[in-house]
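Throughout, residue positions are numbered sequentially from 1 according to the sequence presented. Computation of the quantities below employed the complete heavy-atom set of this structure, encompassing side-chain atoms and omitting hydrogens, waters and symmetry-equivalent molecules.
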Amino acid sequence: MDLKQIAKDTAKTLISYLTYQAMRTVLAQLGETDPPRAFWLQQFSARQNLQDGEAYLRALLAERPELAYRIMTVREHIAAEVADYLPEMAKTGIQQANMEHRRDHLERITSATESLPVTHPEAGSPSSAQDSIPETE
């Protein structure tokens, strides 16, 4: 496991996501102040691949540099605002999600096991799971 590469890939994904969020913020602002530019940005964004935020910004810089600079500024602001608590939120979120997945899985396999008939090897006949529990004295 190459943790350094995982960290680089995660950072790239996060940067692209922040670019997307910044574009949505700018789009909302333009929708209120300059609807024709908002329409243009929406059309441009639908044509471009926002999965790669850096490629998106390069393409936007070639066509409308003022919008690209605005998105970069908003992206930087969002990053500054969330950077401090993002690592702890990610860790906590993953731990909670994992716990939920494990609990749900355990509930599913437990209920599936209880509903299956148990076959006694010596008798060859199915019986309920409760019948297969040995009695204690």
Q: For residues Leu27 and Ala38, report the shortest heavy-atom separation together with the two atoms involved.
A: CD1-O, 3.1 Å
Q: Could you note down all residue pairs passing side-chain hydrogen bond (donor to acceptor under 3.5 Å, both in side chains) where residues 23-35 supplies at least one of them, sequence neighbours left out?
A: Gln29-Arg70
Q. Is there a path from Leu61 to Ile15 through hydrophobic residues (I, L, V, M, F, W, Y) whose side chains come within less than 4.5 Å of each other?
A. no
(Q) I need the Met23 CE to Leu57 CG distance, nearest 0.5 Å. (A) 10.5 Å
Q: Could you pull out the closest heavy-atom pair between Ala79 and Leu18, with the gap in Å?
A: CB-CD1, 3.8 Å
Q: Of all the heavy-atom pairs spanning Trp40 and Leu60, show the shortest one and how long it is.
A: CZ3-CD1, 3.7 Å
Q | Residues Arg37, Glu66; criterion side-chain contact (heavy atoms from CB on, under 4.5 Å); working and verdict | A | CA-CA 11 Å; Arg37 278 177 59 195; Glu66 75 284 356; 3.7 Å; yes
Q. Side chains of Tyr56 and Ser45: do they bring a donor and an acceptor to under 3.5 Å?
A. yes
Q.
For the OH atom on Tyr17, are there more than 12 heavy atoms of other groups (residues, nucleotides or ligands in this structure) within a distance under 6.0 Å?
A. no
Q | Shared hydrophobic cluster for Leu30 and Tyr69 (ILVMFWY, side-chain gaps under 4.5 Å) | A | yes
Q.
If you compare all heavy atoms of Pro87 against all heavy atoms of Ala83, which two are closest, and at what distance to 0.1 Å?
A. CD-O, 3.4 Å
(Q) Distance check, rounded to the nearest 0.5 Å: Arg102 atom CZ versus His105 atom NE2? (A) 11.0 Å
(Q) Are more than 12 heavy atoms, taken from residues, nucleotides or ligands other than Glu63, located less than 6.0 Å from that residue's CD atom? (A) yes
Q.
Within this structure, what is the CG-CD distance for the pair Leu14 and Gln21, rounded to the nearest 0.5 Å?
A. 10.5 Å
Q) Between atom CE of Met72 and atom CG of Leu67, what is the distance when rounded to the nearest 0.5 Å? A) 10.5 Å
Q) In Å and rounded to the nearest 0.5 Å, what is the CZ to CZ distance from Arg103 to Arg108? A) 10.5 Å
Q: Please list all pairs passing the salt bridge (charged side-chain N to carboxylate O under 4.0 Å, His left out) test where one or both residues lie in residues 42-52, with sequence neighbours left out.
A: none
Q: Please name all residues satisfying ring-ring contact (aromatic ring centres under 6.0 Å, His included) with Phe39, sequence neighbours left out, ordered by chain then number.
A: none
Q.
Counting only heavy atoms not in Glu76 (residues, nucleotides, ligands), do more than 12 fall under 6.0 Å from its CD?
A. no
Q: Answer yes or no: is there a donor N or O on one side and an acceptor on the other, between the side chain of Thr19 and the main chain of Gly53, under 3.5 Å?
A: no
Q) Once you round to the nearest 0.5 Å, how far does CG of Leu50 lie from CZ of Phe44? A) 8.5 Å
**Q.** Whether Ser16 side chain and Thr13 backbone form a donor-acceptor pair below 3.5 Å
**A.** no
